[in-house]
Structure formats: structure tokens, C-alpha cells
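Below: the structure, in C-alpha cells.
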Number of protein chains: 2
Amino acid sequence: MSTEKQTSLTIGRTAKQAGVTIDTIRFYEHRGLLPMPQRTANGYRLYPPETVSRLHFIRRAKGLGFTLDEIHTLLKLQDMGGAKADVKALTEHKLKQIEIKITDLQLMQDALRKLNTQCSGTGNVSNCPIIETLTVNSLPNSDNSSTE
Amino acid sequence: MSTEKQTSLTIGRTAKQAGVTIDTIRFYEHRGLLPMPQRTANGYRLYPPETVSRLHFIRRAKGLGFTLDEIHTLLKLQDMGGAKADVKALTEHKLKQIEIKITDLQLMQDALRKLNTQCSGTGNVSNCPIIETLTVNSLPNSDNSSTE
DNA sequence: CTTGACCCTAGACCCTAGTCTAGGGTTTAA
DNA sequence: TTAAACCCTAGACTAGGGTCTAGGGTCAAG
């Protein structure tokens, strides 16, 4: 019942609130995804509450197929207060990646919906190609390789 | 001199056309993502051209954050000619996953667009929170007892 | 008939993204 | 004052998803 506002969290509390483990936090710090936190006199890490949001962001970005390195660059966009040109270039690159991902997911969605309605009736499921939706319809070719 | 259409491809050709390595193909076969192919008399694998599409599909699905196991179930949806009930349940589950991914990507997109237009001018980049877009707006975190 | 480009298997190896010890210090409630 | 419940570092270990090597067969061209 402490009435004082908690302005910083221990690693354990941060982890719990973010839904990750303590190890993951230390690992991300090591990787540069989390800034080096303040420390107490005895060496305990102290995190500002925003760290929880940052961790949420990382988790979900990972679920969208971004690697930690890619997420790092996304986070740097926010972190850097200068280097406007870099920001511009990076965001544009990321936006392209994201557009492709969205399109792909929508194509997959269409295919699954078809499977679900048209094809799950009494007909033959094998007439409903999921695969083609992502290969024939999209990306004419465009060598879509590097992820940074 | 054979101008006849190649109805099946060696592993090398398949790999090249799909943009993966030979090892990857064998690995996927091992994992059940690719059906066991025909073999020539001397044991060489022979793939139908559809295998290329299947491999494309796998690649892109991976890029969307699906694991090989998840992709396996997506592919099974297409492969299975029966078990309609399973198809229904699985597709519905996958559709939910996909919807979440799309929403997340759109939120990210919004954030980056803002960064790009509003924030890359002369202002302060740090006013443009990418992170919040994916944490505040989505996933109602029940555990969030913010005692202001 | 040999050289280079393919193919085969089995198993070792690698990178990413954590996860888990081992060994030790701190704080707090009973 | 001691046990639970935290925190620390360093380093070993794991799982997923490949990638590479060794050792060997096949085939087309020169």
C-alpha cells in the first residue's frame, strides 16, 4: 500500500509485467535492444516503466517475423534524436517490408477463408489451393531476400 | 533436343527455382514439409513443378513469423483430402492468428508513417513513439494495474 | 576415360534466441 | 538469525532451422 509512485522497477517486476523472463531481459540488454539501466548501490538493475512497453513491442515484432537485429533498427529509429536522413531511409525500408508482410497475410487469409467456406462443405478440399495464393498471386518475382 | 516440357525437376533445379538450397529441401522432406518425392533408378529425387510453389510458400510464411510446425499444419490443410472437421478448426485458428498479425503490422505501419512524415522534418524524433503503437493500442493486458 | 557438374547418405557443425546452472550477495518477514 | 525471495556474473546448454563435410555414386562432354 505504498502511496509513492514507483518510478522504477526491478528486473523481476519488469520481466513479470512484460511477460518475459529475467534472462531474456539481460540477454536483450547484452544485445543492445534495451539500454543499460540504472543500478542501485548494490548493483541491482532499475528500469523505468517504459521498458515494459519496449519489451512488449519486441515480443510482438518477433511474432511478425522480424529478427532481433531488425527490431533493433526499428527501436533505434525511436531512440535516435538526430540523424534524420537515416531515419527516413530506414523507415521507408521497413515500411516496404511491412507492406509485403501485410499483403502476404491477406492472401493467406483469403485462401483460408475459401477453404473454410467453399471447401469445407462436401466438396473436395484438394481443390482449394492455399499455396498458390502466396506464390502465384503475389510478388511477381522481385528477389525478396535480405532482411537487413 | 527435347523441347518437351519438363514434368519433374532434380533437387538442384528445384532448389534454384525456389531460392533455397538443396540441403534445405532435404531438411524439409525430413521434417515432413515436403512429401517424399519420386526417385529415379539411381536414387535421385524427382520433384513435380508444384514443389517450387510449395517452397515459395514456406519461405514467405516463415517471413511472416510462422514456425515450420505451423507451416506444416497450414500445408496439411491443403494436403488432406478428408477430415473436414479438422480443416475447419485449424483454419479458424490460423485465421485468428493472421488477423492479429495484420493488425499489429498495420499499427507498426502507422507508427513508421508518422515517424516519416511528421517527425523527420525538423522536429524532435523522440516525440514519435513507435513502441507505444504496438503496446498501448493492442492486447489488453489484464495484469496492468497502473496505480498512477 | 577422365573431368566437372550433379546426386546420395549420415552426421557434424553453426547461428539465433534464449534458458539454465554455479557460485555468490542483499533484503525482509517470521 | 535464518529462510524465502530477490538480485548479480559468467558460462554451459538447448531448440529451431538450417549448412557443411566426408565419402561415394552418376552422367555428359571433350
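By convention in this document, chain letters (A, B, ...) are assigned in the order of the sequence lines, proteins followed by strands, and residues within each chain are numbered from 1. Note that the structure is predicted; figures quoted are calculated from it, not measured.
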Fill in the blank from the handout: With the side chain defined as heavy atoms from C-beta on, Lys62(A) is closest, among dG18(C), dT9(D), dC8(C), to dG18(C)
Problem - Phe66(A) six-ring centre to Lys101(A) NZ/CZ under 6.0 Å and within 45° of normal - result: yes
Exercise for the section: Report which part of the nucleic acid Thr40(A) touches: base, sugar-phosphate, or nothing (heavy-atom distance under 4.0 Å, all strands). Expected result: nothing
Completion exercise
Considering only heavy side-chain atoms of Arg39(A), the closest of dG18(D), dC20(C), dC8(D) is dC8(D)
Problem - Ile11(B): which of Asp23(B), Thr21(B), Ile22(B) passes side-chain contact (heavy atoms from CB on, under 4.5 Å) - result: Ile22(B)
Practice task
Let me see the working for Tyr28(A) and Leu55(A) under side chain to side chain contact (heavy atoms under 4.5 Å, CB included), right down to the final yes or no.
Solution key: CA-CA 9 Å; Tyr28(A) 286 169; Leu55(A) 286 166; 3.7 Å; yes
Fill in the blank from the handout: To the nearest angstrom, the CG-C1' distance between Leu34(A) and dA17(C) comes to 14 Å
Handout entry: Nucleotide dC27(D), atom C1' - distance to OH of Tyr44(B) in whole Å
Key = 7 Å
Problem - Asp23(A) (side chain) and dC20(C) (base): donor-acceptor pair under 3.5 Å - result: yes
Problem - Interatomic distance where CG belongs to Leu68(B) and P belongs to dT19(D) [whole Å] - result: 11 Å
Completion exercise
note: Ile22(A), atom CD1; dT9(D), atom P; distance rounded to Å ~ 12 Å
Problem - Spacing of Phe27(B) atom CZ relative to dT19(D) atom C1', expressed in whole Å - result: 10 Å
Exercise for the section: Between Thr67(B) and Asn42(B), name the one whose nearest nucleotide on DNA chain D is closer to the 5' end. Expected result: Thr67(B)
Practice task
Please check if any side-chain donor atom of Asp69(A) sits under 3.5 Å from a side-chain acceptor atom of Thr67(A), or the reverse.
Solution key: no
